[in-house]
Amino acid sequence: GAVRSATLAKNRSLAVQYAQEGMEALRSVRDRSFSELPTSGTSRMVWTGSEWGVLVGSETIGSFTRSFTSTQSSPGKLKIAMTVAWTDTAGNHTVDLTTYLTDWQ
C-alpha cells in the first residue's frame, strides 16, 4: 500500500508539472499572437525548436497524455482546461487545471 501511495503521489506531482508547463506554453502563444489559439475543440502544444505552437489532438509524454480544450467565453477571452491523464496499477487518473486567457495586447 505504501509503495502504491508513493507512486501515485509521484505521478500526480509529474502530472501537475506537465499541466503547468502546458499552461505556460499557451501563455507564450497568447503573448505572440492571441489569434493562434483555437476558440474550440481539443488541442495540444508542440515545440517547434524555437517556439510553442498548437495542433489538434493530444500529446503523449512518457506514460502521460496531455491535451487542452478551449472555449470562447466572450470576444478576446478563452477558457482553457488543461488535462493530464495517466493509468497505473491503481487505475485511471487525471489532473485538470483551468484558466482564462485574454487578448490583452
Side-chain angles (χ1 to χ4, degrees):
V3 171
R4 185 172 24 207
S5 292
T7 301
L8 179 59
K10 180 187 91 167
N11 286 339
R12 184 171 301 281
S13 177
L14 281 171
V16 168
Q17 290 175 26
Y18 291 143
Q20 289 172 335
E21 176 191 49
M23 288 295 195
E24 289 301 317
L26 287 176
R27 285 184 186 98
S28 75
V29 172
R30 182 230 18 220
D31 292 349
R32 185 176 65 244
S33 175
F34 186 80
S35 63
E36 289 183 33
L37 295 172
T39 56
S40 64
T42 300
S43 303
R44 64 187 173 103
M45 290 72 53
V46 61
W47 179 249
T48 65
S50 61
E51 63 187 14
W52 286 100
V54 177
L55 294 175
V56 174
S58 62
E59 66 179 317
T60 302
I61 307 166
S63 60
F64 297 87
T65 302
R66 178 172 65 185
S67 64
F68 70 93
T69 56
S70 57
T71 308
Q72 187 169 14
S73 57
S74 63
K77 185 176 183 180
L78 294 174
K79 179 181 180 181
I80 304 292
M82 182 74 59
T83 301
V84 178
W86 74 98
T87 302
D88 60 22
T89 58
N92 298 323
H93 308 280
T94 60
V95 166
D96 299 304
L97 297 181
T98 302
T99 194
Y100 288 88
L101 297 178
T102 58
D103 188 6
W104 59 273
Q105 293 185 354

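We number each residue from 1, following the sequence as shown.
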Looking at Arg30 and Thr102, what are the two nearest heavy atoms and their distance?
CD-O, 3.1 Å
As a quick check of understanding, evaluate side-chain contact (heavy atoms from CB on, under 4.5 Å) for Gln20 and Leu97, giving each step before the final call.
CA-CA 8 Å; Gln20 289 172 335; Leu97 297 181; 3.9 Å; yes
Closest non-hydrogen atom pair between Thr94 and Ala85, with its separation:
CG2-CB, 3.8 Å
Can you name the nearest heavy-atom pair linking Ser67 to Gly57, along with the distance?
CB-O, 4.0 Å
Quick one: CD on Glu21 to CH2 on Trp52, what's the gap to the nearest 0.5 Å?
4.5 Å
The side chain to side chain donor-acceptor pair (under 3.5 Å) partners of Thr83 (sequence neighbours excluded) come to Asp96
When hydrophobic residues are tied together by side-chain contacts of less than 4.5 Å, even through go-betweens, does Leu14 share a cluster with Val16?
yes
Residue pair Asp88 / His93: nearest heavy atoms and the distance that separates them
OD1-NE2, 2.9 Å
For the atom pair CZ (Arg44) and OG1 (Thr65), what is the distance rounded to the nearest 0.5 Å?
11.5 Å
Are Trp47 and Leu26 grouped together when hydrophobic residues (ILVMFWY) are joined by side-chain heavy atoms under 4.5 angstrom apart?
yes
Non-neighbouring partners of Ser33 that pass side chain to side chain donor-acceptor pair (under 3.5 Å), sequence neighbours left out
Ser35
If the plane angle is over 60° it's perpendicular, under 30° parallel, otherwise tilted; pick one for Phe64 and Trp86.
tilted
For the student: nearest non-hydrogen atoms of Lys77 and Phe34, plus distance:
N-CZ, 4.1 Å
Nearest 0.5 Å, what's the CD1-OG1 distance between Ile80 and Thr71?
8.0 Å
For the side chain of Ser13 and the backbone of Ala9, is there at least one donor-acceptor N/O pair under 3.5 Å apart?
no
Give a yes or no answer on whether the side chain of Arg66 reaches the backbone of Tyr18 with a donor-acceptor pair at less than 3.5 Å.
yes
Between Gly22 and Met82, which heavy-atom pair has the shortest distance, and what is it?
C-CE, 3.4 Å
Check whether any side-chain heavy atom of Ser74 sits under 4.5 Å from a side-chain heavy atom of Tyr100, and report yes or no.
no
In terms of heavy-atom contacts, does CZ of Arg4 have more than 12 from other residues, nucleotides or ligands at under 6.0 Å?
no
Roughly how far apart are Ser73 OG and Leu78 CG, rounded to 0.5 Å?
7.0 Å
Nearest-0.5 Å distance that lies between atom CG in Leu101 and atom NZ in Lys79
12.5 Å
Could you grab the distance from atom CZ of Arg32 to atom CG of Leu37, nearest 0.5 Å is fine?
9.0 Å
Are Val95 and Ile61 grouped together when hydrophobic residues (ILVMFWY) are joined by side-chain heavy atoms under 4.5 angstrom apart?
yes
